[in-house]
Amino acid sequence: MIPTGTTISVDPASNICQTNIKILGVTFNPPWSYAEAIALLSDRTLPFEDLITGTYPVRKADAALDALSGDVVKLVLSGE
């Protein structure tokens with residue numbers, strides 16, 4: 001994770017277009033929501049492992065992607 005306030009240099013032509021990558025922002029949460037999320041995650045009594053719907057080895061990533069069309073909360077790709 002890049003710390004808040006960090007500046008990076010990007011050449012759109014070579015760093016984005018030529019490598020065919022997309023940059024996508026992933027949150028619209030207000031800043032105070034992060035502190036609430038960390039507090040929630042620190043509560044070890046909540047069964048967060050129940051959110052993991054399935055685990056797939058990396059070599060079966062295609063099967064994991066196929067599973068996303070179903071009733072999935074979170075899939076994990078392992079290095080196996």
Side-chain angles (χ1 to χ4, degrees):
M1 177 191 291
I2 298 173
T4 300
T6 301
T7 301
I8 61 171
S9 177
V10 176
D11 177 358
S14 63
N15 299 131
I16 298 172
C17 297
Q18 291 178 355
T19 57
N20 199 27
I21 65 169
K22 295 179 184 178
I23 298 177
L24 176 68
V26 295
T27 185
F28 292 103
N29 297 322
W32 51 264
S33 67
Y34 294 102
E36 290 179 359
I38 295 300
L40 183 63
L41 289 171
S42 68
D43 182 352
R44 301 288 182 187
T45 64
L46 297 174
F48 290 110
E49 65 277 359
D50 292 347
L51 296 175
I52 299 173
T53 307
T55 302
Y56 294 81
V58 171
R59 69 180 184 284
K60 294 196 175 187
D62 56 339
L65 292 172
D66 289 341
L68 290 174
S69 63
D71 188 22
V72 173
V73 175
K74 181 179 183 99
L75 295 177
V76 175
L77 292 177
S78 66
E80 299 174 7

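Just so it is clear, the values below take in all heavy atoms, side chains as well, and ignore hydrogens, waters and symmetry mates.
- Between A39 and S42 the shortest heavy-atom distance is O-OG, 2.7 Å.
- Closest of all the heavy-atom pairs between L75 and A64 is CD1-O, 3.1 Å.
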Using a 3.5 Å cut-off and no angle test, enumerate the donor-acceptor pairs between side-chain atoms of residues 47-57 and protein atoms at least two apart in sequence or in another chain.
| from | atom 1 | to | atom 2 | distance (Å) |
| --- | --- | --- | --- | --- |
| T53 | OG1 | V73 | N | 2.8 |
| T53 | OG1 | K74 | N | 3.4 |

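- Side-chain contact between D62 and L65 is absent, with no heavy atoms from C-beta onward closer than 4.5 Å.
- In this structure, NZ on K60 lies 11.0 Å from OG on S78, to the nearest 0.5 angstrom.
- If you take CD1 on I38 and CD on E36, they are separated by 11.5 Å, rounding to the nearest 0.5 Å.
- A single hydrophobic cluster is not seen to contain both L40 and Y34; linkage of ILVMFWY side chains at heavy-atom distances under 4.5 Å, directly or through other members, places them apart.
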